[in-house]
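Have a look at the structure below, then the notes.
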Amino acid sequence: MPRTRLCSCWGGQVLPLLLAYVCYLLLGATIFQLLEKQAEAQSRDQFQFEKLRFLENYTCLDQQAVEQFVQVIMEAWVKGVNPKGNSTNPSNWDFGSSFFFAGTVVTTIGYGNLAPSTEAGQVFCVFYALVGIPLNVLFLNHLGTGLHAHLTTLERWEDQPRRSQLLQTLGLALFLALGTLLVLIFPPMVFSHVEGWSFSEGFYFAFITLSTIGFGDYVVGTDPSKHYISVYRSLAAIWILLGLAWLALVLPLGPLLLHRCSQLWLLSRGLKERGAPETNGLPRPQKIPISA
């Protein structure tokens, strides 16, 4: 009997979900290949052309010397040293940059452009992440739990007058809109202005960061040709923490807003839901459990 239930669960729920998951990965791989493979080939050909032109201009060098120099540049980049500029480039390990790095560790963003190179730093990073990651998850979970406790007090929304329902829904929509503006719209504008990016690049960086994907192709405060204020990267780290907290709040609020808007639309159309008792001549929507 348990074996039958297990097979039924696998065939009815897990297997279709697994197939959908694999198909989604295959679709993503196909589209990314179509979009990026040609550009990668062009970049590779351009790089090889520049190396050959460099050798033609500086005949005192040979292919092996150039390859060794490229290897030195790559090793410096892996260690977080920007090969552009000179030795006066700002440090990656001043307090502001270190605070920014600590934030990327506990939030599991991990851009990959900077990492501790000393043995002591690597060991400390391991234990720091072991404590910091659960602490970060606990903090975000408490935010969601607190919001859930607040939302449960709003379940009487469906018993309130129509005007009060509309005002509360508009207030909730305004709250979400302002939060989105302050977290996902305004910061990319600032980053685009400071870093010299386009707005689409700034928005891409903001989303990749707050989703904790963290490719590392765009990172704030790393251009040696720019003079950043000392607290710039610290402010960016604070924005990351606030942005993640905002997302923890939005996740339960989004479905709630959509549910309320749909109920108001049904009420305005005067449609009756099956099995819903009528109140004052209008259909009363059924309650849907709120989950954080």
Query raised in the report: Judged by atom type as modelled, is there a donor-acceptor pair below 3.5 Å linking the side chain of Q33 to the main-chain atoms of T30?
Result: no
**Report entry** Min side-chain heavy-atom separation L170-L174 under 4.5 Å
**Finding:** no
Query raised in the report: Can you tell if the side chain of L182 reaches within under 4.5 Å of the side chain of W246, non-hydrogen atoms only?
Result: no
Query raised in the report: Are V231 and I238 connected, step by step, through hydrophobic side chains (Ile, Leu, Val, Met, Phe, Trp, Tyr) whose heavy atoms are closer than 4.5 Å?
Result: no
Query raised in the report: Is the shortest distance from a Lys or Arg side-chain nitrogen in R53 or E56 to a carboxylate oxygen in the other one below 4.0 Å?
Result: no
Query raised in the report: When rounded to the nearest 0.5 angstrom, what is the spacing between OG1 in T222 and CG in L114?
Result: 10.0 Å
Report task. Tell me, with the steps shown, if F47 and V70 meet side-chain contact (heavy atoms from CB on, under 4.5 Å). Result -> CA-CA 11 Å; F47 178 69; V70 171; 4.3 Å; yes
Requested in this report: Step by step, work out the side-chain contact (heavy atoms from CB on, under 4.5 Å) result for V22 and L18.
Outcome: CA-CA 6 Å; V22 172; L18 176 63; 4.2 Å; yes
Query raised in the report: Is E119 atom CD crowded by more than 12 heavy atoms from other residues, nucleotides or ligands, each under 6.0 Å away?
Result: no
Query - Approximate separation, where rounding is to 0.5 Å, of F95 CZ and S234 OG - result: 6.0 Å
Query raised in the report: Considering all heavy atoms of both residues, which atom of P134 and which atom of A129 are nearest to each other, and what is their separation?
Result: CD-O, 3.8 Å
Query - Closest contact, heavy atoms only, S192 versus S198 - result: OG-O, 3.0 Å
Query raised in the report: When the ring centroid of F207 is compared with that of F203, is the distance short of 6.0 Å?
Result: no
Report summary line: Interatomic distance, CG@D94 vs CG@N92, rounded to 0.5 Å, equals 8.0 Å
Query - Which atom of L55 lies closest to which atom of V66, heavy atoms considered - result: CD2-CG2, 3.2 Å
Report task. Examine W93 together with F101 and report whether their ring centres are nearer than 6.0 Å. Result -> yes
Query raised in the report: Does any N or O in the side chain of R233 come within less than 3.5 Å of the main-chain N or O of F99, such that one atom is a donor and the other an acceptor?
Result: no
Query raised in the report: Are L140 and L184 co-members of a hydrophobic cluster defined by side-chain heavy atoms under 4.5 Å apart?
Result: yes
Query raised in the report: Within a strict 4.5 Å, meaning less than it, do heavy atoms of the V183 and L242 side chains meet?
Result: no
Query raised in the report: At what distance, to the nearest 0.5 angstrom, does CD1 of I109 lie from CZ of F215?
Result: 12.5 Å
Query raised in the report: Are any of the side-chain heavy atoms of F100 and Y111 separated by less than 4.5 Å?
Result: yes
Query raised in the report: Would you say Y228 and D223 make side-chain contact, with heavy atoms under 4.5 Å?
Result: yes
Query raised in the report: Are Y218 and Y204 close enough that their ring centers fall under 6.0 Å?
Result: yes
Query raised in the report: Could you go step by step and tell me if Q63 and E67 meet the side chain to side chain donor-acceptor pair (under 3.5 Å) rule?
Result: CA-CA 6 Å; Q63 181 73 24; E67 295 296 338; 2.8 Å; yes
Report summary line: Looking only at heavy atoms, the pair that brings V220 and A236 closest together is CG2-CB, 3.8 Å
Query raised in the report: Side-chain contact, heavy-atom cut-off 4.5 Å: F205 with P188?
Result: no
**Report entry** L244/W239 under side-chain contact (heavy atoms from CB on, under 4.5 Å): CA gap, chis, key distance, verdict
**Finding:** CA-CA 8 Å; L244 292 175; W239 163 75; over 6 Å; no
Report task. Tell me whether L247 is reachable from F191 by hopping between hydrophobic residues (I, L, V, M, F, W, Y) whose side-chain heavy atoms are closer than 4.5 Å. Result -> yes
Report summary line: d(L135 CG, L130 CG) to nearest 0.5 Å is 12.5 Å
Query raised in the report: Should F199 and I208 be regarded as members of a common hydrophobic cluster, given that ILVMFWY residues are connected when their side-chain heavy atoms come within less than 4.5 Å of each other, either directly or indirectly?
Result: yes
Requested in this report: Flag the pair R44 / F49 as yes when at least one side-chain heavy-atom distance between them is below 4.5 Å, and no otherwise.
Outcome: no
Query - Worked check of side-chain contact (heavy atoms from CB on, under 4.5 Å) between K226 and V194 - result: CA-CA 9 Å; K226 298 183 181 298; V194 175; 5.5 Å; no
**Report entry** Steps toward side chain to side chain donor-acceptor pair (under 3.5 Å) verdict (Q42, Q46)
**Finding:** CA-CA 6 Å; Q42 293 176 352; Q46 180 66 23; over 6 Å; no
Query raised in the report: Would the number of heavy atoms belonging to other residues, nucleotides or ligands and lying under 6.0 Å from CD of Q48 be above 12?
Result: yes
**Report entry** Nearest atoms (heavy-atom pairs only) where Y128 meets A102
**Finding:** OH-CB, 3.5 Å
Query raised in the report: Do you reckon Y232 sits in the same ILVMFWY cluster as M189, going by side-chain contacts under 4.5 Å, direct or chained?
Result: yes
Query raised in the report: Is Q64 atom CD crowded by more than 12 heavy atoms from other residues, nucleotides or ligands, each under 6.0 Å away?
Result: no
Query raised in the report: Can you tell me if T212 uses its side chain to pair, donor with acceptor, with the backbone of T108 under 3.5 Å?
Result: no
Report summary line: Here the gap from Q68 atom CD to I73 atom CD1, rounded to the nearest 0.5 Å, amounts to 12.5 Å
**Report entry** Heavy-atom side-chain contact between E195 and V219 under 4.5 Å
**Finding:** no
